[in-house]
Amino acid sequence: MAIPLETISGKNNVVSMIEWLASFGATANGGVTRLLYSKAWVQAQQALKAEMKSIGLDAYFDSVGNLFGRLDGTESDGKAILTGSHIDTVVDGGKYDGAYGVIASLLAVKRLKARYGTPKKTIEVVSLCEEEGSRFPLTFWGSRNIQGAYSLDQVRVVKDSEGVSFLDAMREAGFPPEHYQSPKRQDIERFVEVHIEQGIVLEKNKKSLGIVSHIVGQRRFTVTIVGESNHAGTTPMYFRKDAVSAASELITFLTKRAQEIDSHLVATVGKIAVKPNVPNVVAGEIEFSLDIRHHQEDVLQRYCQELFAYMEEKVEKAGMTITISKWMDVKPVGLNHEMNTVIQQLADTHQISYQNMISGAGHDSQVFGSFCPTNLIFIPSHNGISHSPREFTSVEDLETGIEILSEILYKLAY
């Protein structure tokens, strides 16, 4: 059951607000399930809208459910500083992923408004409707609509695991596709996102802040090797066309080669399916996933070209066939260097320990960074745990993120 915010003592308290927002979609073991256009999602967005209004922001939805809280500035250039994150979660996820970025932005603007009044530059807090892809096989629905890269065309035939169509879910949540108008924005001067790291680097290095220079590009593939199923006892080793044996050699090579090329390059085989998957039969077919990430496009390209040439040569020499199907290609994004320098100076001034980082996970900043100056700031995740009810960040680190975000927004807008 959701907690009414007015019952919480200290509405400026970040921990109380984290718990309040987590009550929308709370699970039995302390996690959160808040999927796009679900009842819990609708309740959370509406509650955030009411809170935005209560602190004097002009709150409104666009046609896909992105929620904005606008604090108009005195300058009339029509440009806005946008800050926020997403409120959708994975199934039985944590309280902090995405949600903290929304709350941090709301509290930062609330505190700035109370202390300094009206800004020169318009600031908008955004609670993006979707990032995770947990309900539908689609990610960044919120930010990519703002970018103008998505429209209803991408979702007309999309359904969730229960067979509910994307368009019906929109309609049920109060955003009927019949009223869809492109949420594309051309007035965003800059986007700033604060997020938990979702990794262990900051905590291990005893740093309070991660200043992100790049977000990695991601290429994902399905690799299928077809050999020949045969009897495990009567087929000599030198006559076999063993798909598992071929794949194991290739997986060993791709892992080792990634380590050799660049310390930031990562290649992961996380899913394998074997046919016929019987103990006493030589496997005739294997399919495995391949996830490749790096922050430089030329490194990704070089690795993929070398790897796939090697794979094809080895498999064909063994008398088998290989098919490599690419199903994701997200470009790496460099974040705004000039503002990162300013953030470093702010951290030094306030004696906040920090390190420069590359984000190995995708965030909404990756979308915004492709069309406007963007900055992403990390705060530590305890034990590096995320997408789990055990996700946790200390109140000190939560407040550090709000403090540095407030300083950034003050510098940009006041």
With a 6.0 Å cut-off (strictly less than), is the heavy-atom count around [atom1] of [X], excluding the residue itself, greater than 12?
X: Q351; atom1: CD; value: no
X: K159; atom1: NZ; value: no
X: Q301; atom1: CD; value: yes
X: Q181; atom1: CD; value: no

State whether the side chain of [X] and the backbone N or O of [Y] hold a donor-acceptor pair below 3.5 Å, judged by distance alone.
X: R34; Y: F24; answer: yes
X: S381; Y: Q198; answer: yes
X: S143; Y: D364; answer: no
X: H294; Y: Q296; answer: yes
X: Y116; Y: Y414; answer: no
X: Y37; Y: C129; answer: no

*When H86 is tested against each of H363, E130, H195 for side-chain contact (heavy atoms from CB on, under 4.5 Å), which residue passes?*
H195
*Does the side chain of R302 come within less than 4.5 Å of I261's, by heavy atoms?*
yes
*4.5 Å side-chain heavy-atom contact, F136 and V155*: no
*Shortest non-hydrogen separation from Y354 to A347 and the atoms involved*: CD2-CB, 3.5 Å
*Heavy-atom closest pair, residues K275 and S229*: O-OG, 4.3 Å
*Is the NZ or CZ atom of R190 both under 6.0 Å from the centre of the six-membered ring of F368 and within 45° of that ring's axis?*
no
*D77 and K121: CA distance, side-chain angles, deciding distance, salt bridge (charged side-chain N to carboxylate O under 4.0 Å, His left out) verdict*: CA-CA 9 Å; D77 64 358; K121 185 77 67 175; 2.7 Å; yes
*Can K95 and E391 be counted as an ion pair, charged N to O under 4.0 angstrom?*
no
